Amino acid sequence: MKDTIIELLDAAGTQLKQQGILPQDTPLAIKVEPTKDKAHGDYASNLALTLAKPAGRKPRELAEALVAALPENGAIRQVDIAGPGFINFFAATDAVAQVVPSILDAGDTYGRSLSGQGQQVQVEFVSANPTGPLHVGHGRGAAIGDCLCRLLEATGFDVTREFYYNDAGAQIQNLALSVQARVQGLTPEAAEWPENGYRGAYIADVAKAYLAGETITADDREVTGKSDAKDLDAIQDFAVAYLRREQDLDLKAFGVAFDVYFLESSLYNDGKVDATVKALVDGGHTYEEDGATWLRTTDFGDDKDRVMRKKDGGYTYFLPDVAYHLDKWQRGFTTVINEQGADHHSTVTRVRAGLQALETGIPQGWPDYVLHQMVLVTRSGVEVKLSKRAGSYVTLRDLIDEVGRDATRFFLAARRADSQLTFDIDLARSQSNDNPVYYIQYAHARVCSMMRRAESDAKAFDHALGMQHLSRLDTEQEKDLMNRLARYPEVVERAAQTREPQQVAQYLMDLASDFHTCYNAVKVMVDDDELRNARLALGLATRQVLRNGLDLMGVSAPEEM
RNA sequence: GCGCUCAUAGCUCAACCGGAUAGAGCAACGGCCUUCUAAGCCGUAGGUUGCAGGUUCAAGUCCUGCUGGGCGCGCCA
C-alpha cells in the first residue's frame with residue numbers, strides 16, 4: 001500500500017518536472033507515513049512541503065498540482081489536501097483487506113525480507129567473564145543481543161552469535177584464589193581470605209565439586225577436579241569450566257545460544273596479540289615513555305594516548321581487544337555489532353582507534369556498538385541488590401526462576417537500550433492487565449480460543465469463503481487492525497536497521513491493543529457464513545503476526561491462558 | 001574537571017531518518033460479563049516534552065548553552 005502510494009507520487013512528480021513546474025534536478029525524496037489521525041486518511045505525504053522551496057511555489061498550490069498529476073489507482077479511494085499542504089490518502093477497503101491473504105499465504109515468513117542479501121553479520125554479546133553467575137545486566141545484554149540477531153536473521157542476514165571471554169586475566173587469578181581458599185576450608189569471613197576474593201556462595205559449590213573430583217564439560221573442554229589444594233592451575237581450569245557451564249545453563253534457560261565462544265587466551269596462543277603489536281609498531285603509531293609503550297590513539301579521535309605495553313612487559317586489556325576485532329574483520333564480517341553494558345563505552349573509541357592505526361582498510365566507524373544502560377531491580381518499590389547465590393548482585397537466574405523466561409526477556413528487551421531500566425519484579429510477575437507480556441500473549445490466546453470455538457460449533461474456518469468476502473471487513477476497528485497488520489514488515493525492517501528491538505515490542509503492544517478493541521466491538525461467531533469467515537480470516541492473520549513478532553522477541557505464543 | 005548518555009502526564013514508558021491536536025498502560029473517577037477467554041473493552045480527568053536560546057514552512061525530535069540523574073575517565077578487565 002505504502003509502496004503503491006510512493007509509486008503514484010513518483011509518477012506525479014516526474015510529470016510535474018516534464019511540465020516545468022518542478023526543476024528537473026530536484027530529487028524526489030518521497031516520504032509516506034501512516035497517519036496518526038484517521039481524519040487524515042490512512043497514509044499521508046509531506047512531498048508538497050519539501051518541494052515547495054525548490055519549486056518556488058506555495059505548498060498547497062504544489063500539492064494541488066501533484067494530486068492532479070496522480071495516476072488513477074483502484075487502491076486509493078480518495079485523496080485530500082490538508083493543513084499546510086499534506087496530501088492525504090484514503091485506502092479503498094478492498095485494498096486494505098489484501099493484507100489478510102498476504103499474511104495467511106506467507107505464514108511464518110510474513111515480515112521477513114531478504115534485504116540483508118545473505119551478508120555475514122557477527123553479533124557479540126553477553127561476553128561475561130567466567131567469575132560468577134550471570135547478573136541482570138548480562139540478562140539485558142542477552143535479551144537485546146538475541147533479539148537483534150533474530151531481527152537480522154529475519155531481514156536476510158547471515159548471523160553469527162559470539163561470546164568472548166577472558167579465561168586468563170587477573171580476575172580469573174582472583175577466582176582461582178577464592179576457590180582455593182574454600183578448598184582449604186576458609187570462609188569469606190576469615191582474615192586469610194584473599195583480599196579481592198569473590199565471596200558469593202557459588203565459590204563454595206565450585207570448591208566442593210573440585211574436591212569431589214567432578215568432571216565438567218563446558219564449550220569444547222572437559223575438566224576433572226582433584227583434591228589437591230596446592231595446584232592453583234588445576235583449580236583455575238576447573239573453576240573456569242565450572243562457571244562457564246553455569247552460565248551456559250543460565251543462557252539455556254533464557255533461550256539464548258551462541259555459535260562461537262571465543263577465548264581471549266587464544267589470541268596470545270595463536271600469536272595474534274604479538275602480530276597486532278608488531279603491526280602497530282611498524283606503522284609508526286607507537287612511542288616509548290615512562291618505560292611503557294604507548295599507542296598514539298589521539299591520531300584517531302581518542303582524547304588521550306593509551307598504554308599498550310606496561311612497564312612490566314605485559315599488555316593492557318585493550319590490546320587483545322584490538323587483536324580480537326582484527327580477527328573478526330579477517331573472518332569476513334563486514335558488519336560487527338558489539339552489545340555491551342554502557343560502563344564499557346570508553347572502549348568504543350579506543351578499539352576503533354586501535355583498528356584504524358593498523359591501517360588494514362577497516363572503515364572508520366567499524367564496528368557498531370549497541371550499549372545498554374544499567375538495570376535496577378525493585379520489589380515492592382524497594383531496590384533489590386542481593387542474591388543468595390552471588391551475594392552482591394541479582395542474578396539472571398533469580399529473575400527467570402521468579403518471573404519466568406517470557407516476562408524476563410520481554411521486560412529486558414522492550415525498552416530502548418540507552419535508557420536506564422527499572423525491572424519491577426511485582427509487575428513482571430503480575431498476571432494482570434498491567435503486564436504487557438500477558439497483554440500480548442492474551443491476544444494470541446484469544447484468537448486460538450476463537451478458532452477452537454469455531455471448530456466445536458461445526459463452523460470451522462472456510463478459507464475460500466473467507467477470502468471471497470474480505471470486503472465485509474468494513475468496521476473502523478477492523479480497518480485499523482488491518483492497517484496495523486500491514487505495517488509489520490516495515491517495523492521489522494526498521495528495528496533491524498536501527499538495531500532497536502524495542503520497536504517490535506512496542507508494535508506488538510499496539511497490535512494487541514487494536515485486536516482487543518476489535519474483539520470487543522465486533523463479534524466473530526455470527527451466523528452469516530460470509531461475514532464470519534472473513535472475520536475468522538482476520539483473526540488468523542492477527543494471530544500469525546502476533547506469533548511472528550513474539551518469536552522475534554524470543555517470547556512464547558501460548559494457545560491458551 | 002573532562003567525555004559518553006539520558007530527561008516526555010503523579011508512576012512506567014511510546015511517538016516511525018522533523019510533520020498536522022505529543023500517545024498508551026498503571027494509579028484516580030464512571031460504565032460494560034444470560035453472547036466468541038473481563039489477563040479484556042469503553043469513557044472522564046491528567047502536559048509550558050528539565051530550563052534558555054537558535055535553525056526550519058514545521059522541533060519532543062536537529063544545533064548551542066545551562067540544570068539534574070546514570071556511567072566512564074589506572075601501566076584494572
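Below, chain A is the first sequence line, B the second, and so on; all start at residue 1. Note that the coordinates shown come from a computational prediction; the quantities given were computed from them, not determined experimentally.
- Not a single donor-acceptor pair, N or O on each side, falls under 3.5 Å between the base of G19(B) and the side chain of Glu33(A).
- When heavy atoms are screened at a 4.0 angstrom cut-off, Asn88(A) is found touching base atoms of the nucleic acid.
- Ala82(A) comes within 4.0 angstrom of a nucleotide base, judged by non-hydrogen atoms across all strands.
- With contacts defined as side-chain heavy-atom distances shorter than 4.5 Å, the pair Phe90(A)/Asp80(A) qualifies.
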Which atom pairs, one a donor and one an acceptor, fall under 3.5 Å between side chains of residues 501-509 of chain A and the rest of the protein, sequence neighbours left out?
unit_1: Gln502(A); atom_1: NE2; unit_2: Glu500(A); atom_2: OE1; d: 3.4
unit_1: Gln503(A); atom_1: NE2; unit_2: Glu500(A); atom_2: OE1; d: 2.7
unit_1: Tyr507(A); atom_1: OH; unit_2: Arg484(A); atom_2: O; d: 2.7

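- Nearest nucleotide to the Ser346(A) side chain, out of C76(B), G72(B), C75(B): G72(B).
- Looking at heavy-atom distances under 4.0 Å, Thr50(A) makes contact with a base.
- Thr517(A) comes within 4.0 angstrom of sugar-phosphate atoms only, judged by non-hydrogen atoms across all strands, and of no base.
- Both Thr35(A) and Glu264(A) lie near RNA chain B, and the one whose nearest nucleotide falls closer to the 5' end is Thr35(A).
- The separation between Gln373(A) atom CD and G69(B) atom C1' is 11 Å, rounded to whole Å.
- Partners of Asp299(A) under the side chain to side chain donor-acceptor pair (under 3.5 Å) rule, at least two apart in sequence or in another chain, do not exist in this structure.
- Among the heavy atoms of the strands lying under 4.0 Å from Asp418(A) are primed sugar atoms or P, OP1, OP2 only; no base atom is included.
- Toward the 5' end of RNA chain B, the nearer of the two residues Ile87(A) and Lys304(A), judged by each one's closest nucleotide, is Ile87(A).
- The base of G3(B) sits with one of its N or O atoms less than 3.5 Å from a complementary donor or acceptor on the side chain of His345(A).
- Looking only at atom types and distance, the side chain of Asp305(A) has a donor-acceptor partner in the side chain of Tyr287(A) under 3.5 Å away.
- Looking at heavy-atom distances under 4.0 Å, Ala44(A) makes contact with a base.
- Across G50(B) and C13(B), the matching P atoms stand 15 Å from one another, rounded to whole Å.
- Nucleic acid contact for Phe318(A): none, since no nucleic acid atom lies under 4.0 Å from a heavy atom of the residue.
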